[in-house]
Amino acid sequence: MSRLLADGTRIPVIDASVHIFFGSNRDMRGFLREPFASRGIPDVEMDWYGAPGGEYAKGTRGPDKQYPGSDPELVGEALFGGRGVDVAVLHPMTRGILPDRHLTTAVLAAHNEMMVSRWLEANPHADRFRGTIRVNPEDITGALREIDRWASHPGVVQIGVPLQSRELYGKPQFWPLWEAAAHAGLPVAVHSETGESIAFPPTPSGHTRTYEQYLGFTSLNYIYHLMNMIAEGVFERIPELKFVWADGAADMLTPFTWRMDTFGRPHLEQTPWAPRMPSDYLPEHVYFVHNSLDGPGEADFAGEWLDFTGKQDMVMFGSSYPHWHCGDVDELPQALTTEQREKLLWRNASRLYGIDVPAPTATV
């Protein structure tokens, strides 16, 4: 499909963050086996903070009141027909970390089976969908089992873990999972969950009062994980590992990287397992999904901002469809250069995921 820009260029679009759901809890139980099918499971919208105007954009429910993001044909029509997307990377939204790690793993396995069977195989748009396999970082054995099961599927391009972890992702207990992802050639996507379950408060100092505060602070949690992974030497230990911070936070990267470099320069001897400057671990390891909440918006310095810390080689457009803040290509700042726009809309995602799309063409 591609998008026609104001200068007459038709440019490909890879949407790196499309959220998909079961139609209902009952629908999900149809993919669960006992003893888990009979267990109590929180609803997907049971979270601490709800968006004041509702969780989903207008018009994302189907004509028969289908749950937003649950019908492959409706989502395909919206993305590939109405929004000019060429390829969409799907991210199943689940229930966060449940108290029983085995139940969490079973819920994630159900989402994976649903995504592959409904979205990547048996629908008219299957060839334009790519999938994220959800795994439980608190159950390494179960996570490795899911990777072994699905890594060879041609539609699977990454694995996904929740932002709301109870430990920072640089800690050694997670290393076998990251090693398995790198061995399979799959990036790891970290995304905020819709169902919070037993996660910690969203800030180091406790709970915020409002949804607006919660939303403003959330991106910091991605940076906490990233800084810890750098300090723990994860990218030094696993040089093929690639991480996607899949719900924003690129606008937090530059100031925190400056601080890490400033402190790290005279103290590298304290981390012999990570001997390089912190910023040296960003290229080819770190990517961010860029959505409508990220960056300075329509500002003259938007292109300069994207160039700081090499972000233009790390960002990938993601609409977050069908959520209320789902962004569109037309909303990107006009100040971006042609090269920046191409990297953001398709080149970076194409390189990371191995997705082939037609190159931009000039129209007459």
Exercise. Any luck finding a side-chain donor-acceptor pair between Asn123 and Glu73 under 3.5 Å?
Worked result: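 Judged by distance alone, the side chains do not pair up.
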
Exercise. Going by distance alone, is a donor N or O of one side chain under 3.5 Å from an acceptor N or O of the other, for Thr309 and Thr254?
Worked result: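 Looking only at side-chain atoms, Thr254 and Thr309 do form a donor-acceptor pair, the distance falling under 3.5 Å.
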
Do [X] and [Y] sit in one hydrophobic cluster, given that two such residues count as connected whenever their side-chain heavy atoms are within less than 4.5 Å of each other, even indirectly?
X      : Y      : result
Phe31  : Val107 : yes
Phe308 : Met260 : no
Leu253 : Leu220 : yes
Leu79  : Leu74  : no

Heavy-atom check, side chain of [X] versus side chain of [Y], under 4.5 Å:
X      : Y      : value
Pro124 : Pro72  : no
Phe235 : Val286 : yes
Ser17  : Asn291 : no
Tyr222 : Ser192 : yes
Val116 : Trp150 : yes
Ile230 : Leu226 : yes
Met114 : Met28  : no
Thr257 : Leu282 : yes

Verify, without hydrogens or angle tests, whether [X] (side chain) and [Y] (backbone) share a donor-acceptor contact under 3.5 angstrom.
X      : Y      : answer
Glu342 : Arg347 : no
Glu298 : Gln334 : yes
Ser70  : Phe22  : no
His285 : Leu241 : yes
Asp261 : Trp258 : no
Arg341 : Pro333 : yes
Gln213 : Arg209 : yes
Thr105 : Asn136 : no

Nearest atoms (heavy-atom pairs only) where [X] meets [Y]:
X      : Y      : result
Gly233 : Ala274 : CA-CB, 3.9 Å
Phe317 : Val289 : C-CG1, 4.5 Å
Gly297 : Ala302 : O-CB, 3.8 Å
Ser165 : Ile97  : CA-CD1, 3.8 Å
Ala180 : Ile147 : CB-CD1, 4.2 Å
Ile14  : Val89  : CG2-CG2, 4.5 Å

Problem set entry | Val18/Ser319 under side chain to side chain contact (heavy atoms under 4.5 Å, CB included): CA gap, chis, key distance, verdict | CA-CA 7 Å; Val18 173; Ser319 66; 4.3 Å; yes

Measure the [atom1]-[atom2] distance between [X] and [Y] for me, rounded to the nearest 0.5 Å.
X      : Y      : atom1 : atom2 : answer
Glu304 : Gln340 : CD    : CD    : 10.0 Å
Arg130 : Trp119 : CZ    : CH2   : 14.5 Å
Asp313 : Leu306 : CG    : CG    : 9.0 Å
His290 : Leu344 : NE2   : CG    : 5.5 Å
Asn348 : Met316 : CG    : CE    : 7.5 Å
Trp273 : Glu236 : CH2   : CD    : 12.0 Å

Charged N to carboxylate O below 4.0 Å: is that the case for [X] and [Y]?
X      : Y      : value
Lys311 : Asp294 : no
Arg101 : Glu138 : no
Glu146 : Arg134 : no
Asp100 : Arg39  : yes

For this session: Give the C-alpha distance, both sets of side-chain angles, the deciding distance and a yes or no for side chain to side chain contact (heavy atoms under 4.5 Å, CB included) between His19 and Tyr56.
Result: CA-CA 11 Å; His19 307 158; Tyr56 304 107; over 6 Å; no

Problem set entry | Reference residue Leu108; test side-chain contact (heavy atoms from CB on, under 4.5 Å); the match among Leu98, Thr94, Val161, Asp139 | Thr94

Would you call the rings of [X] and [Y] parallel, tilted or perpendicular, taking 30° and 60° as the class edges?
X      : Y      : result
Phe129 : Phe80  : tilted
Trp245 : Phe288 : tilted
Tyr169 : His225 : parallel

Problem set entry | CZ (Arg276) with more than 12 external heavy atoms under 6.0 Å |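 For Arg276, atom CZ is crowded (more than 12 foreign heavy atoms under 6.0 Å).
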
For this session: Assess whether atom NE2 of His183 is packed by more than 12 heavy atoms of other residues, nucleotides or ligands within 6.0 Å.
Result: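 Open.
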
For this session: Please report the C-alpha distance between Glu284 and Tyr287 in whole Å, then the side-chain angles of each, then the deciding distance to 0.1 Å, and finally whether the side chain to side chain contact (heavy atoms under 4.5 Å, CB included) criterion is met.
Result: CA-CA 8 Å; Glu284 300 302 323; Tyr287 297 83; 3.7 Å; yes

For this session: Mind running side chain to side chain contact (heavy atoms under 4.5 Å, CB included) on Asp328 and Arg83 for me, showing each step along the way?
Result: CA-CA 7 Å; Asp328 190 78; Arg83 302 173 71 88; 3.9 Å; yes

